[in-house]
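To find a chain, count down the sequence lines: A is the first, B the second, and so on, and within it residues start at 1.
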Number of protein chains: 4
Amino acid sequence: MSTTNTGPGAQSRHVTAILDAATRRFAQTGYHGTSMRDIGAEMGMHAGSLYVHIRSKEDLLDAIVWDIAQSTERRMEAVLAAGDTPVDKLRTIAEEHLRWVAANPDAATVYFHEWRHLKGERLERVKAARARWTRGLRDIIQAGIDEGAFKPMDVRLAGLAFVGMLNSTYRWLRPDGDLDTAEIAGTFMDFLLHGWAAG
Amino acid sequence: MSTTNTGPGAQSRHVTAILDAATRRFAQTGYHGTSMRDIGAEMGMHAGSLYVHIRSKEDLLDAIVWDIAQSTERRMEAVLAAGDTPVDKLRTIAEEHLRWVAANPDAATVYFHEWRHLKGERLERVKAARARWTRGLRDIIQAGIDEGAFKPMDVRLAGLAFVGMLNSTYRWLRPDGDLDTAEIAGTFMDFLLHGWAAG
Amino acid sequence: MSTTNTGPGAQSRHVTAILDAATRRFAQTGYHGTSMRDIGAEMGMHAGSLYVHIRSKEDLLDAIVWDIAQSTERRMEAVLAAGDTPVDKLRTIAEEHLRWVAANPDAATVYFHEWRHLKGERLERVKAARARWTRGLRDIIQAGIDEGAFKPMDVRLAGLAFVGMLNSTYRWLRPDGDLDTAEIAGTFMDFLLHGWAAG
Amino acid sequence: MSTTNTGPGAQSRHVTAILDAATRRFAQTGYHGTSMRDIGAEMGMHAGSLYVHIRSKEDLLDAIVWDIAQSTERRMEAVLAAGDTPVDKLRTIAEEHLRWVAANPDAATVYFHEWRHLKGERLERVKAARARWTRGLRDIIQAGIDEGAFKPMDVRLAGLAFVGMLNSTYRWLRPDGDLDTAEIAGTFMDFLLHGWAAG
DNA sequence: TATGAATGAGTGTTCATTCAT
DNA sequence: TATGAATGAACACTCATTCAT
């Protein structure tokens with residue numbers, strides 16, 4: 001119901017199915033609150049049988065999170081490379097982000113909620129990817145300020161506000177909602193660009 | 001480092017110390033990722049000794065979360081009862097919220113991150129309290145629209161944007177940051193009221 | 001060494017082995033005095049490994065006790081249905097009972113000693129089965145009185161005397177004893193029918 | 001509700017109260033199924049406070065059981081020393097036994113059910129006392145045979161039948177029963193002496 | 001005399017993982 | 001490829017017992 005496994009690096013159908021099951025359970029009961037038995041049960045399989053296809057539970061979390069981190073970063077790179085204005089770049093990011101969250105709420109939950117249960121190098125790798133993404137976002141905002149589209153402001157806080165608004169959507173945004181994700185993204189961008197104040 | 005146990009209903013010093021230790025560990029490794037031994041170790045105590053003072057691990061999570069939920073709700077009631085304008089009410093909420101998050105980052109993390117590991121009635125109780133808080137927030141925003149301070153807009157999305165911005169601060173806001181929490185709250189309110197757009 | 005698992009409803013060989021080990025330990029040190037580690041040790045297994053085959057410690061006690069309760073009841077039904085005289089029925093019951101106790105002293109000990117540690121519905125179920133058995137016994141004695149084989153007497157006390165004599169055998173009757181169980185049963189029946197008094 | 005602490009060797013009022021509480025709980029949930037907390041709760045005391053008066057849990061079981069074992073043995077000695085006929089001796093034993101069981105059902109339950117959880121020397125001491133009692137009983141029966149009151153029979157089985165009948169009364173005999181204990185003892189003796197058979 | 005607090009071992013049970021089949 | 005069985009460590013929690021107060 002929720003991962004993004006296409007293109008190069010695609011795993012066997014089995015692994016994909018396990019990752020999907022794990023994504024669902026991790027989203028619902030958390031990484032440490034989910035047992036391998038739970039994941040197996042989700043697939044009609046015994047816990048031990050999972051190890052035919054995977055190496056460890058942490059591998060599952062890492063695969064889910066790292067896959068998302070990577071494609072998120074790739075999207076940021078594409079946006080940065082495009083010839084759009086800063087405002088259009090942010091709009092693109094918001095739209096894509098919300099579309100993806102609505103389509104993959106479980107994966108989003110794991111990505112924003114459970115990633116921190118990774119350990120050591122894997123944790124650092126994800127942190128670094130997130131940091132690069134954040135830097136990209138700030139660069140866009142800074143460019144907006146530089147070219148006079150945005151007022152002078154604290155770029156770091158602006159970025160955190162943007163991210164906070166967008167990332168928290170995984171808590172409530174569902175594919176069957178009555179509002180179109182593009183509409184929501186538009187509204188959020190409008191809030192951020194022009195504010196609530198009348199006149 | 002993190003609870004809010006003052007006034008009536010205050011527990012014994014022992015229980016308070018255990019709740020603080022639990023708050024720290026739950027914030028760092030999550031509820032299911034924290035063992036009673038971890039909490040005991042944090043206090044230089046054996047896991048079993050904790051049970052002289054508490055009844056169960058879930059009691060700890062509940063005590064931490066419910067205490068915050070209640071005082072959060074009480075603050076909302078006070079704000080709603082005050083004679084301020086909607087804008088001032090939101091400003092008060094933002095300021096108090098950020099001040100509390102900065103002062104209690106661990107408690108905030110548990111409150112926003114781990115509450116969902118509660119079960120049954122306790123979970124429902126917290127959900128209901130959060131829903132009442134959200135309703136209060138929307139009432140303020142709606143009042144702002146009604147009296148012409150805000151433009152007409154989707155109240156639900158506006159509330160979610162506000163909450164998303166504020167609640168995500170527990171991920172980065174620390175007491176030793178260089179920026180004053182009141183300043184940050186002011187900047188966030190400015191973003192929300194007037195937007196980033198220049199001119 | 002001691003259960004009666006034949007016929008339909010027979011468990012896997014593993015479960016049977018665990019039940020046998022549990023029967024031995026429960027008989028020796030009592031239900032609450034036996035740990036899952038003890039049962040595991042009896043089988044050269046770790047305590048946790050038992051849970052591959054069973055669900056709980058109480059399940060073990062229930063399986064042991066309920067299995068005996070059922071077959072005991074079935075035997076009573078068969079005896080009641082047979083065309084024998086009351087005296088012959090009692091004789092059959094005594095003989096079968098002592099033969100079973102001698103062959104399964106551990107199971108008998110658990111059945112007569114540890115059944116009360118069952119809880120809730122399981123306890124009630126066993127109590128009810130025992131009550132039905134007792135009622136059967138009284139019916140036989142009453143029939144004996146009615147047809148003039150026995151003198152008029154308090155049926156309840158007669159039943160309790162019979163049961164007390166029979167059931168207490170689990171404390172001393174062992175398969176390797178020098179006396180044949182049929183002989184012992186015969187002697188007991190003779191005591192009960194004609195008494196010790198000379199002449 | 002149930003011990004027999006009079007005469008020499010009487011303990012402090014506190015110890016007596018603890019022994020009574022322990023007797024009640026041991027009877028209901030068994031020795032290993034009863035915690036010191038349970039016993040304390042029965043007295044409105046903390047578990048630790050019991051140790052002001054006693055030395056260990058096993059001491060409690062031993063005190064309860066050994067006290068009964070001793071007075072039981074003393075009674076047997078008195079009966080043996082009396083000038084009665086064997087039949088009268090048995091009758092006295094039965095009457096006293098049932099009267100005591102009816103008056104002290106909890107103590108009786110512990111004595112007949114839980115004594116085996118004693119360990120080492122204490123266990124042996126109780127076993128020996130019971131063996132001496134049994135020998136006394138057999139001597140009486142043998143005397144009855146020798147003087148022609150009883151038919152020739154297996155003394156050991158006769159003793160076991162007598163004991164089985166009497167000792168099992170702790171399972172059902174209660175002080176508030178409608179039948180007088182003397183009556184019940186009389187009926188049991190009649191069963192044993194003259195049997196059920198009519199004519 | 002009793003308490004409140006603590007200990008350290010032990011409870012029943014679940015965990016992620018392995019491996020012969 | 002999947003299972004059934006097992007492991008050994010860990011889990012939340014309770015135990016009998018101790019001891020300063």
In whole Å, I'd like the distance from the [atom1] atom of [X] to the [atom2] atom of [N].
X: I18(A); N: dA16(E); atom1: CD1; atom2: C1'; value: 14 Å
X: K57(B); N: dA10(F); atom1: NZ; atom2: P; value: 15 Å
X: L50(C); N: dT13(E); atom1: CG; atom2: C1'; value: 11 Å
X: M45(A); N: dT3(F); atom1: CE; atom2: C1'; value: 10 Å
X: R55(A); N: dA16(E); atom1: CZ; atom2: P; value: 18 Å
X: Y31(B); N: dC11(F); atom1: OH; atom2: P; value: 13 Å
X: M36(C); N: dA10(F); atom1: CE; atom2: C1'; value: 17 Å
X: I54(C); N: dT13(E); atom1: CD1; atom2: C1'; value: 10 Å

| field | Who pairs with dA5(F) - Watson-Crick or G-U, where each distance is under 3.5 Å | value |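 Matched dA5(F) with dT18(E) under the 3.5 Å cut-off.
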
So, is [X] close to the [N] phosphate, meaning a side-chain N or O under 4.0 Å from OP1 or OP2?
X: H14(D); N: dT1(E); answer: no
X: H32(B); N: dC11(F); answer: no
X: H53(A); N: dT1(F); answer: yes
X: H46(A); N: dG4(F); answer: yes
X: Y51(D); N: dT18(F); answer: no

| task | Select from S56(B) and V52(C) the residue whose nearest nucleotide in DNA chain F is closer to the 5' end of that strand. | result | V52(C)

| Pairwise side-chain contact, E114(A) with V65(A), heavy-atom cut-off 4.5 Å (strictly under) |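 E114(A) does not reach V65(A) side chain to side chain.
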
| task | For residues Y31(A) and R116(A), determine if any side-chain heavy atom of one lies less than 4.5 Å from a side-chain heavy atom of the other. | result |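 No. Closest side-chain heavy atoms not under 4.5 Å.
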
| Reckon R37(D) touches a base, only the sugar-phosphate, or nothing at all at heavy-atom distances under 4.0 Å? | sugar-phosphate

| said: At 4.0 Å (heavy atoms only), tell me whether S49(B) reaches a base, stays on the sugar-phosphate, or touches nothing. | reply: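 Counting heavy atoms under 4.0 Å across all strands, the contact made by S49(B) includes a base.
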
| Does CZ in R122(D) sit with more than 12 non-hydrogen atoms of other residues, nucleotides or ligands closer than 6.0 Å? | yes

| task | May I ask you to check whether Y170(D) and H113(D) place their ring centers less than 6.0 Å from one another? | result | yes

| request: Could you pick out which residue, E58(A) or G48(C), lies toward the 5' side of DNA chain E when each is mapped onto its nearest nucleotide? | output: G48(C)

| Are K119(B) and E58(B) ion-paired here, with the side-chain N under 4.0 Å from a carboxylate O? |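 A salt bridge is absent here (no side-chain N lies under 4.0 Å from a carboxylate O).
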
